[in-house]
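From a predicted model like this one, the values you see are computed outputs, not experimental measurements. Residues: numbered from 1 along the sequence shown.
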Amino acid sequence: VQLVESGGGLVQAGESLRLSCAASGFSFDDYMIGWFRQAPGKEREGVACIGSSESSIHYGDSVKGRFTISADNAKKTVYLQMDGLEPEDTAVYYCAAEFPAYSNVTSVYDVQYVHWGQGTQVTVSS
């Protein structure tokens with residue numbers, strides 16, 4: 001299983017970025033994929049998650065209304081569209097995968113992810 005994040009970079013407050021998580025090594029038809037972030041000196045924070053049926057989508061409180069998670073199953077890629085970026089969004093962003101998909105997910109923290117990517121840096125300047 002391999003997860004490769006891309007799309008990070010340096011932007012100004014108010015701008016947008018789209019992160020990609022390209023997956024390989026599993027069938028991508030029954031999964032949970034989540035985005036997490038970790039800023040220096042802070043604990044890892046759940047950002048968003050999506051189930052393979054796309055019926056289970058959840059966001060962390062700090063990004064609701066600004067970030068959107070989506071999946072392209074044909075490309076085996078999950079995206080995180082980040083709009084209205086704020087300096088507080090500065091962090092290394094990681095995607096994580098677990099399979100099969102969970103049922104009854106109610107929060108980004110409900111899934112115990114086993115597989116993790118290497119992360120991509122997002123820096124938002126004020």
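Criterion: ILVMFWY side-chain heavy atoms under 4.5 Å apart, direct or through other members. Under it, Ile33 and Tyr59 are part of a common hydrophobic cluster. Using a 4.5 Å cut-off between side-chain heavy atoms of Ile, Leu, Val, Met, Phe, Trp and Tyr, with links allowed through other members, Val92 and Trp116 fall into the same hydrophobic cluster. Cluster annotation: Ile69 and Phe28 are assigned to the same hydrophobic cluster (Ile/Leu/Val/Met/Phe/Trp/Tyr, side-chain heavy-atom contacts under 4.5 Å, transitive). Trp35 is connected to Leu3 through a chain of hydrophobic side-chain contacts under 4.5 Å among Ile, Leu, Val, Met, Phe, Trp and Tyr, so both are in one cluster.
Looking at heavy atoms from C-beta onward, Glu5 lies out of side-chain contact with Ser20 at the 4.5 angstrom threshold. In this structure the side chain of Met82 reaches within 4.5 angstrom of the side chain of Val122, judged on heavy atoms. Two residues are said to be in side-chain contact when any heavy atoms from C-beta on lie closer than 4.5 Å; Val105 and His58 meet this criterion.
Between Tyr31 and Phe26, the ring planes are perpendicular. Angles over 60° get that label, and only those under 30° would be called parallel.
The shortest heavy-atom contact between Val108 and Gly60 is CG1-N, 3.9 Å. Here the closest heavy-atom approach between residue Tyr94 and residue Gly117 is recorded as CD2-O, 3.6 Å. Between Thr106 and Asp110, the shortest heavy-atom distance links the atoms N-OD2, 2.7 Å. In terms of heavy atoms, Val111 sits closest to Tyr102 at CA-CE2, 3.5 Å. Taking all atoms of both residues into account, the shortest heavy-atom contact from Tyr113 to Glu98 is CD2-N, 3.8 Å. Scanning both residues, Ser126 and Ala13, for their nearest heavy atoms gives CA-CB, 4.4 Å.
Taken to the nearest 0.5 Å, the CG atom of Leu85 stands 5.5 Å off from the CG atom of Leu17. Rounding to the nearest 0.5 Å places CD1 of Ile50 at 8.5 Å from OG of Ser56.
Side-chain polar atoms of Thr90 and Glu88 form no donor-acceptor pair below 3.5 angstrom. Residues Ser16 and Arg66 bring no donor and acceptor atom of their side chains to less than 3.5 Å of each other. For the 3.5 Å distance criterion, the side chains of Ser62 and Glu45 qualify, holding a donor opposite an acceptor. Remark: the Arg37 side chain and the Tyr93 side chain contain an N/O donor-acceptor pair separated by less than 3.5 Å.
When atom types are taken as modelled, the side chain of Asn73 and the backbone of Lys76 share no donor-acceptor pair closer than 3.5 angstrom.
A search for disulfide (SG to SG under 2.5 Å) contacts involving Cys21 returns Cys95, not counting sequence neighbours.
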For this session: Before giving the answer on side chain to side chain contact (heavy atoms under 4.5 Å, CB included), spell out for Leu80 and Val47 the whole-Å C-alpha distance, their side-chain angles and the decisive distance to 0.1 Å.
Result: CA-CA 9 Å; Leu80 184 69; Val47 175; 3.9 Å; yes

Problem set entry | CA sep, side-chain torsions, deciding dist, call: Val1, Phe99, side chain to side chain contact (heavy atoms under 4.5 Å, CB included) | CA-CA 11 Å; Val1 175; Phe99 33 84; 3.7 Å; yes

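Other residues, nucleotides and ligands contribute over 12 non-hydrogen atoms within 6.0 Å of the CD atom of Gln38.
For the side-chain contact (heavy atoms from CB on, under 4.5 Å) criterion with Phe67, the lone passing option out of Leu19, Asp83, Asp89 is Asp89.
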